[in-house]
Colleague: 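Let me give you the structure first, and then I'll get to my questions.
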Amino acid sequence: MTPRNHGDAPDEGLGEGELGPLEVHSEGSIVNPALSGTMRPVRGEFGRLENVEGAEVWETADPQEALPDGFASEADEARPYVKPKGLTAQMFKVFIQNRVAVVFFILLVAITLFSFVGPLFYHTNQTDLAALQQVPNNLPPGAGHPLGTDFQGFDMLGRLMVGGRNSLIVGFLAAGMAMIIGVGYGVFSGYNGGRIDDFLMRILDVLLSIPGLFLVLAAISLFGRNTSMMILVIGLTGWYGVARLLRSEALTLREREYAQAVRSMGGKSRRIIWRHIIPNSISTTVTLATFAIGDSILALAALGFLGFGIQTPSTDWGTILNNGYIALQLNYWWELWPATILFLIVVMSFNYIGDALRDALEVRLRER
Amino acid sequence: MLVYLVRRLFQGLIVILGVTIVTFFIPASFHANIARELYGIRAPQSVIDKFNHDNYFDRSIPVQYLHYMNNLIHGNLGVSFNKDASFQSVTSIIGDALFNTLWLVLASLVIALVIAIPLGLFQALKRNTAFDYVATGAVFVIYSTPAFVLGLVLIQVFCIKFHVFPYSPTVSSRTGPFARLIDMFQYPRSYVLPVAVLTGLSVGGFSRFMRGSVLDTLVQDYIRTARAKGASSNRVLFRHAFRNAIIPIVTILGLSLPSLFGGAVITETLFNISGMGTVTVYAVEGNDIAVVMAATLLIAVATVVGNLISDLSVAAIDPRIRLMARK
């Protein structure tokens, strides 16, 4: 029932106008927005099309110019076509209403700037262990060292910047890797379904029953502790949940009308996946990515706390916490608590922003 | 029920088999170099060859895997690859560590449930009130606080600032699987902090889930029917809503095990408790991949068994599943 001989060519039978206005895409293919689902008019309270504030109004003075012959539609009457607010804009609107999430977002931006831009203005020696012989260790906060020095003589404020930079970079890269693997695995499994899906999900069951921390520790004892290795390992153990959720997303999306329409027009699986399934699950993906970054930062910190973090003279927040834990018994509070607060804010930010994004996504679904 | 039991057991076995493939193949590519690292560059080739032969490292990978599986079935987890451990068996290194960790995790699970179930229930009943918001906020903070940060705060407050609880748990000279369980009852005060850290890991998730589960149940038709028949609100709540809302929690119990075992690694390190976490961390420090892999395998098996128990309990308490399975 699915003719595949047409390739990606639009079907001539469409375009009677009852399916709504057609869009001409950049590469010349014609996609009906009502079918693709990526663009749809925002409906008002009574189900009418509404001119949403800030929405771009499309010029429809002469739609025949843009459309090939035979595609003229009755819907192109005098009423201008209102381009719906994009997905991002809708989500942003809901997200911005969540005050706590906005506060956390601002804090997160501030900490990111502190870690990356801070060292440009606040110069400290964070690399040269030999030069540290001149600096007293475990110095309480005071002139010259606003947050004191640590057990090696490193300036704590500068140390927090270096640690933050490394933690954030590792977090982002590992999360990016986890997202690519997770989305790929999940969409592939869910789209294909059947035995492939069964098999891939059993593999996932196996991986899910091994706590990630143990696998990461195993990798460290085999490959040693270099930073790129850690990014790789944290990324490789962080994608299971993403794959699960994207798989269920793909399972439902592949049965949607627009996916079936592509199939009936002879569209290839690759097109359905890239043009419909992945764009339609982008909001889930963004939410999951937020959690993934938080989780990766946490995973690195756990390693650091166990003493397997990024090696001296560089550092990460987990390693700082580990050293601070030892200092705690000596009451050197400045070596532990500032780092703890920064780290906690970052982890909570990613959690809360992820939650807020999920709410924003759910509101969008409810409006449908 | 029996069919369901057998099928679920079979699935569990398949997963454990999959885990052994992971724990075997990750170190397998390093087997060739292990002897050289253990005995040093100056060791005579004959010693190296003998070690490789004794450990099957000179055979093909499938034969090595079968040997590994045969050992596992006989309860032999292999030999430690740590020079200083002088070729102790992995089983003797791990010893009762698995049980110590299990007791810790179980104690925290019980306490987490005792807190989370009433809290979630009450939150759902008083939804969108000040109490609900405060509880949701507090739960969120605990939920997103990593184990080691929570542990550090607790140690600072309860051990260093006010000497309420001792820093490290009291350990008796008892041995055997139940030793730490008995210790927990004998010296409950010294186990408060470690158990509290692990409880903090799961209590947030559980109470959030419980709140959602009760809310889902309260809008069901059978609740309306029960109300319409004139059942008192307490009866509706406990006989109808609560019993149905509790079922998903049992599933979540099993699913939370991997993160709890991960948290146990941190907790044991923080409070210096001997368990799977500390054993693994020492093994990683000593590059002892055999112990790390055995620990991973044991934890994975514990997770699978835990999931199995929780699934079977769900089947036992949920008549829908019980009856469906009978067909």
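Each chain gets a letter, A, B and so on, in the order the sequences are listed, and its residues count up from 1.
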Colleague: Evaluate the side-chain proximity of A:Trp337 to B:Gln156: yes if any heavy-atom separation is below 4.5 Å, no if none is.
Modeller: yes

Colleague: Any side-chain heavy-atom pair from A:Phe305 and B:Leu152 closer than 4.5 angstrom?
Modeller: yes

Colleague: Can you list the steps and then say if A:Leu215 with B:Val22 is a side chain to side chain contact (heavy atoms under 4.5 Å, CB included)?
Modeller: CA-CA 10 Å; A:Leu215 273 190; B:Val22 173; 4.2 Å; yes

Colleague: Return the option, out of B:Asn307, B:Leu255, B:Thr280, with the maximum number of heavy-atom pairs under 4.5 Å with chain A.
Modeller: B:Thr280

Colleague: Could you check which of B:Leu270, B:Ile155, B:Val149 has the highest count of heavy-atom pairs closer than 4.5 Å to chain A?
Modeller: B:Leu270

Colleague: Only heavy atoms, only distances under 4.5 angstrom. Which residues in residues 227-243 of chain A are near chain B?
Modeller: none

Colleague: Below 4.5 Å, heavy atoms only, C-beta onward: do B:Ser144 and A:Leu344 meet side chain to side chain?
Modeller: no

Colleague: Sort out for me which of B:Leu297, B:Val304, B:Ile266 touches chain A most, counting heavy-atom pairs under 4.5 Å.
Modeller: B:Ile266

Colleague: Testing the basics here: between A:Ala218 and B:Ile289, what is the closest heavy-atom pair and its distance to 0.1 Å?
Modeller: O-CD1, 3.8 Å

Colleague: For the CZ atom on B:Phe158, are there more than 12 heavy atoms of other groups (residues, nucleotides or ligands in this structure) within a distance under 6.0 Å?
Modeller: no

Colleague: With only heavy atoms counted, which part of A:Phe350 is less than 4.5 Å from chain B, the side chain, the backbone, both or neither?
Modeller: neither

Colleague: Is A:Ala301 close to chain B through its backbone or its side chain, or both, or neither, when contacts mean heavy atoms under 4.5 Å?
Modeller: both

Colleague: So which of A:Leu207, A:Leu222, A:Val347, A:Leu298 has the biggest tally of heavy-atom pairs under 4.5 Å with chain B?
Modeller: A:Leu222

Colleague: Are any of the side-chain heavy atoms of B:Met293 and A:Phe214 separated by less than 4.5 Å?
Modeller: no

Colleague: How about A:Phe105: does its CZ atom have over 12 heavy atoms from other parts shown lying under 6.0 Å from it?
Modeller: no

Colleague: When B:Thr296 is tested against each of A:Leu213, A:Leu217, A:Ile210 for side-chain contact (heavy atoms from CB on, under 4.5 Å), which residue passes?
Modeller: A:Ile210

Colleague: Step by step, work out the side chain to side chain contact (heavy atoms under 4.5 Å, CB included) result for B:Phe148 and A:Thr340.
Modeller: CA-CA 10 Å; B:Phe148 43 90; A:Thr340 311; over 6 Å; no

Colleague: Select, from B:Ile14, B:Leu257, B:Ile16, B:Val153, the one with the greatest count of heavy-atom pairs under 4.5 Å involving chain A.
Modeller: B:Val153

Colleague: Not counting sequence neighbours, which residues clear side-chain hydrogen bond (donor to acceptor under 3.5 Å, both in side chains) with A:Asn322? List them please.
Modeller: none

Colleague: Pick one of side chain, backbone, both or neither for A:Phe291, based on which atoms fall under 4.5 Å of a heavy atom in chain B.
Modeller: neither

Colleague: Return yes when atom OH of B:Tyr282 has more than 12 non-hydrogen atoms of other residues, nucleotides or ligands closer than 6.0 Å, and no otherwise.
Modeller: no

Colleague: If you count heavy-atom pairs under 4.5 Å between each of B:Thr303, B:Val15, B:Val284 and chain A, which one has the most?
Modeller: B:Val284

Colleague: Taking side chain as everything from C-beta outward and backbone as N, CA, C, O, which of these in B:Val19 sits under 4.5 Å from a heavy atom of chain A? Side chain, backbone, both or neither.
Modeller: both

Colleague: Within a 6.0 Å radius of atom CZ on A:Phe223, are there more than 12 heavy atoms belonging to other residues, nucleotides or ligands?
Modeller: yes

Colleague: Heavy-atom distances under 4.5 Å only: say whether A:Ile203 touches chain B with side chain, backbone, both or neither.
Modeller: neither

Colleague: Treating B:Tyr143 as the side-chain partner and A:Asn351 as the backbone partner, does any N or O pair qualify as donor plus acceptor under 3.5 Å?
Modeller: no

Colleague: So which atom in A:Pro211 and which in B:Pro258 form the shortest heavy-atom distance, rounded to 0.1 Å?
Modeller: CB-O, 3.6 Å

Colleague: By a 4.5 Å heavy-atom criterion (distance strictly below it), what part of B:Glu285 contacts chain A: side chain, backbone, both, or neither?
Modeller: both

Colleague: Looking at B:Thr145, B:Ile299, B:Ile21, B:Val301, which makes the most heavy-atom pairs under 4.5 Å with chain A?
Modeller: B:Ile299

